[in-house]
Enquirer: 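Okay, here's the structure, questions in a sec.
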Amino acid sequence: MRLWGEKLSANEIGGQAAGQAGGALKKGGTKVASKAVGKAGKYLKKLLMKFLKQLVLSIGKLIVSLIGPWGLVIILAILLTLAALSAIPFADWFLGGNARSEEQHAADVKYEKEFKSAADKTVAELWGIEADKNWLNQVVKTVKPSWGIPASLVRYEIMVNEKKVELSDYKPEELIKSFQPSFSYTTVSDDKERTKSIVACTVTTTDGEGNSSTHTTTEEARSESTRKAHDVLSDITLDYGHMNIKPLKLYYPGGTTTITDQWDLVGTSTSGDCTTTTYQQYDHTTVDDRYVPDFVVDGEKFQQILINLGVDKDDMKLFYEFISVADPDWNPALYGGKASANYSGNWLPGTASVPAVVLRYEPIVRKYLAMVGLEEHTQLLLAMIMQESGGKLLDVMQSSESIGKPRNYITDPELSIKVGVDHFSTVYKAAGGDVEIALQAYNYGLGYVKYALNAGGYSKENALGFSLMMREISGSKGYGDPNYVDNVMRYYNATSTVIKVPNDGQIFDVQEVLDVMTKYLGHPYLFGGRDPFGKGIDCSGLIEFAFGQIGVDLSGSTRNQYDKTVEIRAEDARPGDFVFWSTYKAGPSHIGMYLGDGKFINSGSTYGVSIDTMHRWRKIPFFGYRRLVEK
């Protein structure tokens, strides 16, 4: 059976036909019969060639008389092109319109299951880890080797080395061994269990006159013991990468990251006039499942493994294309390749932080992007949908105006996506693959592309300048959204968008705190929310949580955090300082951490955890810049 159910190429069909003809001749009988057949064949061939020659000349004269000599030239060019294509292996599949028979499709599905199963088995151990399910899903998705890798090793043999293979020639489990992760564990033996017992006794006393009175006495006793040792996942390693898993000690009851004065009731017992009530607290160390740690990949080592498995170094780009076609979720940029053959820049695909109401459109977005060769931007367009409509309007991409119709003219979400993708494709290609120009042009229109390119690329300044220019030309009060790029990027964590800030003399590691915060970009805002594991987190909760991870106490409300910092001048502000506003009440009621260049990170009611601009908050009462200093 042919792997993937591929049709035979034109060359292969010819070869097989020749082989079958030869076999039939051998079964034809005696040498005399064979000789007679040979002579008859030559004579018939001669007659046939003469007839065909006359037929072709007659048809040629007829065509020339009907369409003229240039028409004949065009037809000959087409025939030559088809002849050239037919000489290319697997071109018959192309010439057939990429059609797949039911049998071929069934074979594809069968082989896909084999390779996916092999990939799933490499990370099956992780599902037994004690951790938040969403965290586990992300870790598994990150470290699991793509099923497209072993599949592509087989396809490489077929397409490049021109081997005729069957699935039985290769074992998917063997092919994927070189890409299989291994897991290390640390034994935790210092978790404690604390017990508190309160003994309350009723005591009756009688005075000298015979009067009795009753009162209660209480005594408290505490004890501590070490809990049973257990293993915690600490490292995931591959021959070409690793992921370090940090431990997290939680304190119960409540599962908090800092010990509290809360106790769990264990039970009560009574003996005579005394009642004993027992309470318990305990530590429990597990993996730090508050955010997925970084996955560090050595692209050169990954490629060397492929070379050792028989892939020619000069074919690496082609091989990466094989993997990407098989598994569209695979990101070649992590392994030393490019994110897309359609884009020569340094933009890498990321992940949209959007709700289910937007995620439901992912298959449709992917379908139409694939039609224009931009499938790697599926997640980016989901972020655009979040900015345009939040997924709640029928014209989900607000694309009616791009075809000259009034806003919300389109009332079919799929049509809105199709039109929106076409518009994005147009501005993206006009911008030469510059994503920021394309995003702003999606909002402004194609005219912005030339304006930005002439200005040396996208910038907030020229985005605003274009808006002001168009206002003047049109005589309108407003034109588009000059902050469209930032607004979309609130919902999108691009793997190439790594925010780096200098510590510049702060008493804490600014980058370490920022790395914690950026793990939750897009997480929703919740008034009073204190950690990112529930339904949301508010501004002071984000600061409290992030700084708590590095052992700095900034707990409390925005007012408390304001009081724990000291005022500095605006001209002295640097990354790691804090910015305060008065929003819903008098005094400081909103906080963010300043990143420099007019940006800060915060959790706000509109965009949740996001990177915002000071300019956007210019109309809100500002309480100034403040800094954390040693007391």
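Since the model is a prediction, treat every value here as computed from it, not as a measurement.
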Enquirer: CZ of Phe527 to OG of Ser540: how many Å apart, nearest 0.5 Å?
Expert: 8.5 Å
Enquirer: Do any N or O atoms from the side chain of Tyr320 and from the backbone of Tyr335 form a donor-acceptor pair under 3.5 angstrom?
Expert: yes
Enquirer: In the structure I gave you, are the side-chain heavy atoms of Ser271 and Thr276 within less than 4.5 Å of one another anywhere?
Expert: no
Enquirer: Could you report the tightest heavy-atom contact between Ala151 and Phe115, atom names first, then the distance?
Expert: CB-CD1, 3.7 Å
Enquirer: So for atom CD, which belongs to Glu224, do other residues, nucleotides or ligands contribute more than 12 heavy atoms lying within a distance under 6.0 Å?
Expert: yes
Enquirer: Are the side chain of Gln506 and the backbone of Pro575 linked by a donor-acceptor contact shorter than 3.5 Å?
Expert: yes
Enquirer: Report yes or no: does Ser603 contribute a side-chain atom to a donor-acceptor pair with the main-chain N or O of Ile537 at less than 3.5 Å?
Expert: yes
Enquirer: Could you go step by step and tell me if Thr257 and Phe545 meet the side chain to side chain contact (heavy atoms under 4.5 Å, CB included) rule?
Expert: CA-CA 10 Å; Thr257 55; Phe545 172 79; 5.7 Å; no
Enquirer: Quick one: list whatever passes side-chain hydrogen bond (donor to acceptor under 3.5 Å, both in side chains) with Glu220, sequence neighbours left out.
Expert: Arg222
Enquirer: Who passes salt bridge (charged side-chain N to carboxylate O under 4.0 Å, His left out) against Asp231, sequence neighbours left out?
Expert: none
Enquirer: Could you check whether Asp120 and Ser117, counting side-chain N and O atoms only, form a donor-acceptor pair closer than 3.5 Å?
Expert: no
Enquirer: The criterion is salt bridge (charged side-chain N to carboxylate O under 4.0 Å, His left out); which residues satisfy it with Glu362, sequence neighbours excluded?
Expert: Arg366
Enquirer: Which atoms form the tightest heavy-atom contact between Glu130 and Thr286, and what is the distance?
Expert: O-OG1, 3.1 Å
Enquirer: List for me each residue that meets salt bridge (charged side-chain N to carboxylate O under 4.0 Å, His left out) alongside Arg530, sequence neighbours excluded, and say none if there are none.
Expert: Asp538, Glu544
Enquirer: Does a side-chain heavy-atom distance below 4.5 Å link Asn602 with Tyr594?
Expert: no
Enquirer: Is any side-chain heavy atom of Arg574 less than 4.5 Å from a side-chain heavy atom of Arg627?
Expert: yes
Enquirer: Does some side-chain heavy atom of Pro247 sit less than 4.5 Å from a side-chain heavy atom of Thr186?
Expert: no
Enquirer: Between Lys564 and Ser555 (side chain of the first, backbone of the second, donor and acceptor by atom type, cut-off under 3.5 Å), is there such a pair?
Expert: yes
Enquirer: Which atom pair, heavy atoms only, marks the closest approach of Leu248 to Asp288?
Expert: CB-CA, 3.7 Å
Enquirer: Taking the six-membered ring for Trp, are Phe578 and Phe547 ring centroids under 6.0 Å apart?
Expert: yes
Enquirer: So which heavy atom on Tyr279 is nearest to which on Ile198, and how close?
Expert: CE1-CD1, 4.1 Å
Enquirer: Where do Ile129 and Phe183 land on the side chain to side chain contact (heavy atoms under 4.5 Å, CB included) test, with the steps shown first?
Expert: CA-CA 11 Å; Ile129 301 299; Phe183 311 103; over 6 Å; no
Enquirer: To the closest 0.5 Å, what do you measure between CD (Glu321) and CZ (Arg155)?
Expert: 13.0 Å
Enquirer: Looking only at heavy atoms, what is the nearest atom pair of Pro253 and Gln281, with distance?
Expert: CD-CG, 4.3 Å
Enquirer: Which pair of non-hydrogen atoms, one from Gly556 and one from Gln561, has the smallest distance, and what is that distance?
Expert: O-NE2, 3.6 Å
Enquirer: For Lys133 and Asn137: C-alpha separation, side-chain torsions, deciding distance, then whether side chain to side chain contact (heavy atoms under 4.5 Å, CB included) applies.
Expert: CA-CA 6 Å; Lys133 187 175 181 180; Asn137 280 327; 4.0 Å; yes
Enquirer: For the pair Asp191 and Lys249, find out whether any cationic side-chain nitrogen is under 4.0 Å from an anionic carboxylate oxygen.
Expert: yes
Enquirer: Tyr156 side chain to Asp312 main-chain N or O, any donor-acceptor pair under 3.5 Å?
Expert: yes
Enquirer: If you measure from the Lys or Arg side-chain nitrogens to the Asp or Glu carboxylate oxygens, is any gap between Arg559 and Asp563 under 4.0 Å?
Expert: yes
Enquirer: How long is the span from the NE2 atom in His242 to the CD1 atom in Ile236, to the nearest 0.5 Å?
Expert: 11.0 Å
Enquirer: Can you confirm whether Val287 sits close enough to Val232 that some side-chain heavy atom of one is under 4.5 Å from a side-chain heavy atom of the other?
Expert: yes
Enquirer: Mind telling me whether Phe600 and Trp581 have parallel, tilted or perpendicular rings, with 30° and 60° as the class edges?
Expert: tilted
Enquirer: Is the shortest side-chain heavy-atom distance between Ile550 and Asp509 below 4.5 Å?
Expert: no
Enquirer: With no hydrogens and no angle check, do the side chains of Thr583 and Ser589 hold a donor and an acceptor under 3.5 Å apart?
Expert: yes
Enquirer: Rounded to the nearest 0.5 Å, how far apart are OG of Ser324 and CD of Glu375?
Expert: 9.5 Å
Enquirer: Quick one: are Ile176 and Ile149 in side-chain contact, heavy atoms under 4.5 Å?
Expert: no
Enquirer: In Å and rounded to the nearest 0.5 Å, what is the CG to CG distance from Leu542 to Leu554?
Expert: 11.5 Å
Enquirer: Count the heavy atoms belonging to other residues, nucleotides or ligands that lie under 6.0 Å from CD of Glu219, then report whether that count exceeds 12.
Expert: no
Enquirer: Run through Arg194, Lys192, Arg227 and flag the one making a side chain to side chain donor-acceptor pair (under 3.5 Å) with Asp283.
Expert: Arg194
Enquirer: My understanding is that only residues two or more places apart in sequence, or in another chain, count here; which of them pass ring-ring contact (aromatic ring centres under 6.0 Å, His included) with Tyr282?
Expert: Tyr252
Enquirer: With no hydrogens and no angle check, just 3.5 Å: does a side-chain donor-acceptor pair link Ser182 and Thr237?
Expert: yes
Enquirer: Out of curiosity, Tyr361 OH to Leu382 CG, how far, rounded to the nearest 0.5 Å?
Expert: 11.5 Å
Enquirer: For Asp315, which residues count as a salt bridge (charged side-chain N to carboxylate O under 4.0 Å, His left out) partner, sequence neighbours excluded?
Expert: none
Enquirer: Between the side chain of Ser234 and the main-chain N/O of Ser184, is any donor-acceptor distance below 3.5 Å?
Expert: yes
Enquirer: Can you tell if the side chain of Leu238 reaches within under 4.5 Å of the side chain of Phe302, non-hydrogen atoms only?
Expert: no
Enquirer: Going through the distances and angles, do Phe179 and Thr122 end up as a side chain to side chain contact (heavy atoms under 4.5 Å, CB included)?
Expert: CA-CA 9 Å; Phe179 310 93; Thr122 66; over 6 Å; no
